[in-house]
Q: 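Okay, handing you the structure first.
Count residues from 1 along the sequence. The structure displayed is predicted, hence computed values, not measured ones.
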Amino acid sequence: MHDTFLEPFGAASWPPAGEHALLRTETGLLVAELHGDIDLATVAHLSLWLDSLAAVAAPGHVVDLRPVSFIDSAGLNAVLRFRRRVSEAGRGFALLCDSGQLRLLRANGTAEVLNPFATLTEALSGLTAPARPPRRNGRP
């Protein structure tokens with residue numbers, strides 16, 4: 001039998017993050033700091049956690065891959081799905097990664113989509129703003 005712990009964050013709760021950490025910046029942005037290997041064996045749990053984070057109202061979400069030791073296509077797919085869900089909810093998104101991870105993103109063609117940054121300061125200044133809804137009759 002497995003123990004399940006829920007960690008409250010405001011009015012929301014989600015499955016335990018395991019090795020991953022959730023941080024909040026002084027501006028209210030949520031930073032999901034991922035750790036360890038993110039692959040087919042671990043991505044299901046991570047995806048559930050990221051899905052619950054996407055539901056948390058915040059001006060933006062940042063995913064930090066720098067502490068990740070390995071990430072495969074299943075892990076990248078989870079990050080891309082999280083980015084899509086956050087953007088569809090009208091929130092900003094940014095990704096942090098190191099040079100090795102950046103080479104991987106370039107090799108598989110996701111670097112331009114994810115637009116990664118090396119530091120949190122850079123990510124905060126370049127946070128991808130969500131798409132604005134179309135204007136109707138000249139009104140926002």
Q: Are Phe117 and Val62 close enough that some pair of their side-chain heavy atoms sits under 4.5 Å apart?
A: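 Side-chain contact under 4.5 Å: no.
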Q: If you group Ile, Leu, Val, Met, Phe, Trp and Tyr by side-chain heavy-atom gaps below 4.5 Å, do Leu102 and Val79 land in one group?
A: no
Q: Ignoring hydrogens, what is the shortest heavy-atom contact between Pro59 and Thr27? Give both atom names and the distance.
A: CG-O, 3.8 Å
Q: Do side-chain atoms of Asp39 reach the backbone of Gly75 as a donor and acceptor pair under 3.5 angstrom?
A: no
Q: Please report the shortest heavy-atom distance between His35 and Ala21, naming the atom on each side.
A: CD2-N, 4.3 Å
Q: So which heavy atom on Ala32 is nearest to which on Leu50, and how close?
A: CB-CD2, 4.4 Å
Q: Taking atom CD of Glu33 and atom CG of Leu120, what is their separation to the nearest 0.5 Å?
A: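 Answer rounded to 0.5 Å: 10.0 Å.
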Q: Of all heavy-atom pairs between Ser69 and Asp37, which one has the smallest distance, and what is that distance?
A: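 Heavy-atom minimum between the residues: OG-OD1, 2.6 Å.
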Q: Please test Leu124 against Leu29 for side chain to side chain contact (heavy atoms under 4.5 Å, CB included), starting from the C-alpha separation and ending with a verdict.
A: CA-CA 9 Å; Leu124 295 178; Leu29 298 175; 2.9 Å; yes
Q: When rounded to the nearest 0.5 angstrom, what is the spacing between CG in Leu114 and CG in Leu65?
A: 8.5 Å
Q: Between CG of Asn108 and OG of Ser73, what distance do you get to the nearest 0.5 Å?
A: 8.5 Å
Q: Check whether Leu104 and Val113 end up in the same hydrophobic cluster, where Ile, Leu, Val, Met, Phe, Trp and Tyr are linked by side-chain heavy atoms less than 4.5 Å apart.
A: yes
Q: Would you say Val86 ends up clustered with Leu22 if hydrophobic residues are merged whenever their side chains have heavy atoms under 4.5 Å apart, either directly or through other cluster members?
A: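 As far as the 4.5 Å side-chain criterion goes, Val86 and Leu22 are connected within one cluster.
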Q: Applying side chain to side chain contact (heavy atoms under 4.5 Å, CB included), run through Arg81 and Asp51 and close with a yes or a no.
A: CA-CA 9 Å; Arg81 182 173 185 259; Asp51 285 350; 2.5 Å; yes
Q: Measure the CG-CZ distance between Asn115 and Phe93 for me, rounded to the nearest 0.5 Å.
A: 10.0 Å
Q: Would you kindly confirm whether Ile71 and Leu95 end up in one hydrophobic cluster when ILVMFWY residues are joined by side chain heavy atoms under 4.5 Å apart?
A: yes
Q: Any idea which heavy atoms bring Leu96 and Arg66 closest together, and the distance?
A: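 That would be CD1-NH2, 3.4 Å.
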Q: Could you check whether any side-chain heavy atom of Pro116 comes within less than 4.5 Å of a side-chain heavy atom of Gln101, counting everything from C-beta outward?
A: no
Q: Find out whether Trp49 and Leu34 are in side-chain contact, i.e. whether some heavy atom of one side chain is under 4.5 Å from a heavy atom of the other.
A: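 Result yes, sub-4.5 Å side-chain heavy-atom pair found.
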Q: Hey, are the side chains of His61 and Arg91 touching, using non-hydrogen atoms and a 4.5 Å cut-off?
A: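 Yes, at least one pair of side-chain atoms sits under 4.5 Å.
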Q: Would you mind reporting whether Glu122 and Thr119 have side-chain heavy atoms less than 4.5 Å apart?
A: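 Counting from C-beta outward, Thr119 and Glu122 do come under 4.5 Å.
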Q: Is Leu76 close to Ile38 at the side-chain level, that is, under 4.5 Å between some pair of heavy atoms?
A: no
Q: To the closest 0.5 Å, what do you measure between NE2 (His20) and OG1 (Thr42)?
A: 6.5 Å
Q: For the OG1 atom of Thr110 and the CG atom of Leu105, what is their distance to the nearest 0.5 Å?
A: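 Going from the OG1 atom of Thr110 to the CG atom of Leu105 covers 4.0 Å.
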Q: Tell me, yes or no, whether the heavy-atom count around Leu80 atom CG, taken from other residues, nucleotides or ligands under 6.0 Å, exceeds 12.
A: yes
